[in-house]
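Structure, as structure tokens:
Because the structure is a prediction, the values reported are computed rather than measured. Note on naming: letters A, B, ... go to the chains in the order of the sequence lines (proteins, then strands), and numbering restarts at 1 for each one.
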Number of protein chains: 2
Amino acid sequence: MPRTKEFDPGAVLERALDLFWRRGYEATSMADLVEHLGIGRASIYATFGGKHDLYLKALERYVQTRDPSLVELLSQPGPALPAVRALVELYAEDAAGDRDRRGCMVVNAAAELLPDDQPVARFVEASWTGLETALTSALIRARAQGEISAEADPRALARFLLVFLQGMRVMGKSHGDPARLRDAAAQALALLR
Amino acid sequence: MPRTKEFDPGAVLERALDLFWRRGYEATSMADLVEHLGIGRASIYATFGGKHDLYLKALERYVQTRDPSLVELLSQPGPALPAVRALVELYAEDAAGDRDRRGCMVVNAAAELLPDDQPVARFVEASWTGLETALTSALIRARAQGEISAEADPRALARFLLVFLQGMRVMGKSHGDPARLRDAAAQALALLR
DNA sequence: ATCCAATTGGAACGAATGGTCAAAAATTAC
DNA sequence: GTAATTTTTGACCATTCGTTCCAATTGGAT
């Protein structure tokens, strides 16, 4: 009995994600969204709720469609260290080569909305904890397989990498020397031996 | 002939800095500022210009009154490496112990306003370049004094530390395990040998 | 004491904000 | 074909936004 929607909610959410990612939360107005999403104002409210709900769903989609490749990358069987190194280099290239300098949406969310926005805060923390866990488990495997020193502390190393990666993501928003992030990444990788 | 102001512009700017630092640019309204600065609306415009000008001046004050201690710290005569290590630990403690999780205003500015806001972009880049330069010069001294390996690359190491420090500053906005940043910092310091 | 000039508080500005509502259109099930 | 129900459209809402203006006030210089 319900009438079918004329649009694909997933595709619309993707466009909302694009806008929020590029401009942030406050700087993106409902008028902007109405214009770029291609659907009416009321349809947005009916489908996603208010602006904050829509932002949260966009952030969720961001994590689910951009980050998971990382966890998969880290969970491949076989040698674990190359995956970790590849991850760091991927982040460096990503940040250094990002033409429109949108950075990482999670980092942007943390910087703009935290500490006041609790739903976003929970989301950010969960995202970071997830990456820390994936890194830790990869490093535990690496140590077990003799790829890094037996004395290494996998969790501490994972935490270090986690912080360093977020650093690259913030700094990627600035038009600095692209070699800066590459140099930094090369040094960070020296810690993994 | 000009009449003297009834307020101390420096003190007022300090209060504006406090607000912008905590809430960011967009989320801070002129009404908020009027309420917290203790001076009239027109006085704000007459003294500092519009909202964006005020933000820029607050950001400037932030860098001038919070960061310079760092440059001084790194420029002390004698052994250079302890100063660098102290700096990393200071950032870690700062981020982990920051009760109200306001983070670093430069990082917040970068995440919220970049890449679209060019004046802010210039400011952020200058701030980061300045820290990179100070770190590089300290590490050059450290190498010359035999505190780190002769094969070490001071600039690359400085860039690494720069990125890592900014990472701590973003992540400090989240209520995560405080040990996370301390663990990370300890690992990063292992690179300075 | 007087004039000058700048600062002051507060009212007012139009534009833009996020959100709502009711009428119209459209699709499905019968 | 008809009835039912939901989506869509777009006008509309009160509020808040950053900014400007003006009249009153204030303090400094002569």
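For A:Arg41 against C:dG19, a side-chain N or O and a base N or O form a donor-acceptor pair under 3.5 Å.
Remark: of the listed residues A:Val12, A:Thr47, A:Leu13, A:Leu13 is the sole one forming a side-chain contact (heavy atoms from CB on, under 4.5 Å) with A:Leu54.
For the pair B:Glu26 CD and C:dG18 P, the interatomic distance rounds to 10 Å; values are reported in whole Å. One interatomic measurement links the two molecules: CG of A:Leu37 to P of D:dT8, which rounds to 13 Å at whole-angstrom precision. At whole-Å resolution of the value, NE2 in A:His52 and C1' in C:dT17 are 16 Å apart. In this structure, the NZ atom of A:Lys51 is 8 Å from the C1' atom of C:dG18, given to the nearest Å. When rounded to the nearest whole Å, the span between CD1 of A:Ile44 and C1' of D:dT7 equals 14 Å. Note: CZ (B:Phe48) to C1' (C:dT7) measures 14 Å, nearest angstrom. For B:Leu33 and D:dT19, the CG to C1' distance is 13 Å, given to the nearest whole Å. In this structure, OH of B:Tyr55 is placed 14 Å from P of D:dG18, rounded to the nearest angstrom.
In this structure, B:Gln118 places its CD atom where only 12 or fewer heavy-atom neighbours from other residues, nucleotides or ligands lie under 6.0 Å away.
Taking the six-membered ring where the residue is Trp, A:Tyr25 and A:Phe20 present parallel rings, their angle staying beneath 30° rather than reaching 60°.
The side chain of A:Tyr45 sits closest to C:dG19 out of D:dG10, D:dT20, C:dG19. Picking from D:dC17, D:dT8, D:dG18 the nucleotide with the shortest atom distance to the side chain of A:Phe7 gives D:dT8. Among the nucleotides C:dG19, C:dT8, D:dT8, the one closest to the side chain of A:Ala42 is D:dT8.
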Please walk me through it: do B:Asp117 and B:His52 pass side chain to side chain donor-acceptor pair (under 3.5 Å)?
CA-CA 10 Å; B:Asp117 191 318; B:His52 193 267; 2.4 Å; yes

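Within the 4.0 angstrom heavy-atom criterion, no nucleotide atom of any strand lies near B:Ala46.
Between B:Ser29 and the phosphate of D:dT16, there is no side-chain N or O to OP1/OP2 separation shorter than 4.0 Å. Phosphate proximity of D:dT7 to A:Ser43: absent, as no side-chain N or O sits under 4.0 Å from OP1 or OP2.
A:Asp32 contributes a side-chain N or O that, together with a main-chain N or O of A:Ser29, makes up a donor-acceptor pair within less than 3.5 Å.
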